[in-house]
There are 2 protein chains.
Amino acid sequence: MEMVGKLAGVSQVTVSRALNDPSKVSKATMAKIQEAIAATGFVPNALAGALASNRSRLISALVPSVTNITHAAMVQSFTERMRSHGYQIMLSETGFDSKEEEALIGAHLSRRPDAMMLTGARHTPAARRMLLAANLPTVEIWDVTDTPIDLCVGFSHVDAGAVVGRFAAEQGYRTAACVTAADERALRRKDAFCAAFHTETSVRPETVVTEGQASLRSGREGMSTLLDLGFKQGVVFCSSDQLAHGLMIETRARGLRTPEDIAIIGFGDQDFAAHTLPALTTVRVDRVELGSRAADALLGRLEHGDAPQAPINIGFEIIRRDSA
Amino acid sequence: MEMVGKLAGVSQVTVSRALNDPSKVSKATMAKIQEAIAATGFVPNALAGALASNRSRLISALVPSVTNITHAAMVQSFTERMRSHGYQIMLSETGFDSKEEEALIGAHLSRRPDAMMLTGARHTPAARRMLLAANLPTVEIWDVTDTPIDLCVGFSHVDAGAVVGRFAAEQGYRTAACVTAADERALRRKDAFCAAFHTETSVRPETVVTEGQASLRSGREGMSTLLDLGFKQGVVFCSSDQLAHGLMIETRARGLRTPEDIAIIGFGDQDFAAHTLPALTTVRVDRVELGSRAADALLGRLEHGDAPQAPINIGFEIIRRDSA
DNA sequence: CTGTTAGCGCGTTCAT
DNA sequence: ATGAACGCGCTAACAG
């Protein structure tokens, strides 16, 4: 900046101002500074800027998995919204372990982000403490809770499971099962589904928990396991559309029909769900809306100093297609 | 740090040393410092540290799309490797536009990363200039080029297309087509495929370029378009497994069989490719290997001051399954 | 509209 | 093994 200033015939501060608030600099000097910047190839040092101003214009975002398309769509809309307001996103994967999340929260906090986005509402006590101590705008997404750290935008996984359980019963199914990934939120949906289905029909659904990431493969394996367990003629609720698609394929590979023999319900309404054969009945969560609402909540805090908000429940919706 | 030091009865420098090089501090003071850190909930300011040391321990990574599983797997292995060496990844999506990539490169550079990972080998001249001027270890992945900015780990898209073209001819197909996303690298594969197939058979493949992100949906649409164009009985090379899967579904929806009526070849060998029905014939690129090789190249530079390396071509492999 | 001064919280160097 | 002094590149006051 010193160099740029010298080249433009002004002081270093003026260059700083030209970059941060052009309105505070005259047209003429502005032009000279632009020219000097182009000539030197100067790239401002945001590190130093952040240190001096105590504002990094960095937002931390922690998601369980980048590979998981569900979260990817949310993150994308979140990122876009934040970026349009001049913030940059620092994205990291927390994986399955909440201990790892804790470590990552520390690593992110050390970069002094202006705000933080977390997936889920369950964190280690230490993580909670760090976040509270850091005293920065924080938004938890993809779940709702009575005890948010700060902001919260999501939906109730218990409600979702229960609604699907009742839906399954209403459709006349009298046998049901769950194939679910070993994800804490997915398991809560499963439990609620089973409880609701049991309430309506007095039958308790079978459960298969798959290992690792949800995928076509684990879906096929899950269906396989279920069939080997003697399951037949009924509906299966899956913890994701990926899994559901895998179930459909395995069903067909076994010479069974969907939905006549095995009806299948997914979760997430990912963009492929409408285009499988048969088209997948699933639960839609407006991920784009979720991401941008989360961003808005943070921006309100960041730019307008808004007061803390109550948790926002954006709900969900059963999308009835052909698979159940 | 000042505070922590006071609490531990030492100076700020000692705290700094305790954190960065524990071997330079006595056991006794180390313990006191640990205690003081726990008591205060101190989180080091990496911004200040980076400014003072001129090392941010931050690596920039730019990919076209996080949603795209292909790149996600690479990024994941890259990230893991880097993280195990104490580096944090700053990931951003560049989207389709290379102008946008240029802007992002600037934004990332301003955070003073220690190194940079770029997807692809085509960048705007301005982007190249910035990178060169920044003079930091840079690795371009997912492509090879004779004029790398610095490090380069990838494979030849032209070779890949050509090999698949010859493979298709060898399998006895005398009609062929390409359904491809409007991605620069995918288009290069397509051109090479068409040229090779033409050389072998004297027939020039039909081409359909889909819009937007590759998805099941765009795959179905692509197949639909192709069929409406009068395509029948032949092989179709797709720019991704996603697309290929979409083609398979549309084929079945139209009452046609794979591979008897329409044979389908994907690209990427994503984890679902082995589990579609029929299992997908595709091209495998070892994305995990690619990510970790890229990380290693950077780490060699960062930690051991290795000299620039020639581009690394990790190649690819046709995986023959049932769809072609 | 522009310049001066004083830090931001650390790592680095040189002492001891 | 520890401490004192300095500066990284920038922004925030204040003054003119």
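Here is how names work: the chains are called A, B, and so on, in the same order as the sequence lines, proteins then strands, and each is numbered from 1.
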Between B:Asp150 and B:Thr138, is there a donor-acceptor pair closer than 3.5 Å when you use the side chain of the first and the backbone of the second? yes
With a 4.0 Å limit, can you tell me whether A:Ser26 has a side-chain N or O closer than that to the phosphate oxygens OP1/OP2 of C:dT2? yes
Here the residues of residues 42-53 of chain A within 4.0 Å heavy-atom distance, strictly under, of DNA chain D are A:Phe42, A:Pro44, A:Asn45, A:Ala48, A:Gly49, A:Ala52, A:Ser53
Note: contacts of residues 12-20 of chain B with DNA chain D (heavy atom, under 4.0 Å) are B:Val13, B:Thr14, B:Arg17
Distance, rounded to the nearest Å, where [X] contributes [atom1] and [N] contributes [atom2]:
X        : N      : atom1 : atom2 : value
B:Lys6   : C:dG9  : NZ    : P     : 13 Å
B:Leu109 : D:dG9  : CG    : P     : 15 Å
A:Arg111 : C:dC10 : CZ    : P     : 13 Å
A:Glu2   : D:dC8  : CD    : P     : 10 Å
A:Lys32  : C:dT2  : NZ    : C1'   : 14 Å
B:Ile33  : D:dA1  : CD1   : P     : 13 Å
B:Asn54  : C:dT12 : CG    : P     : 10 Å
A:Lys24  : D:dG16 : NZ    : P     : 18 Å

What residue among B:Ile59, B:Leu290, B:Ile141 forms side chain to side chain contact (heavy atoms under 4.5 Å, CB included) with B:Phe78? B:Ile59
Could you please spell out the steps behind the side-chain contact (heavy atoms from CB on, under 4.5 Å) verdict for B:Met116 and B:Leu62? CA-CA 8 Å; B:Met116 191 128 196; B:Leu62 264 31; 3.6 Å; yes
Hey, are the side chains of B:Gln88 and A:His108 touching, using non-hydrogen atoms and a 4.5 Å cut-off? yes
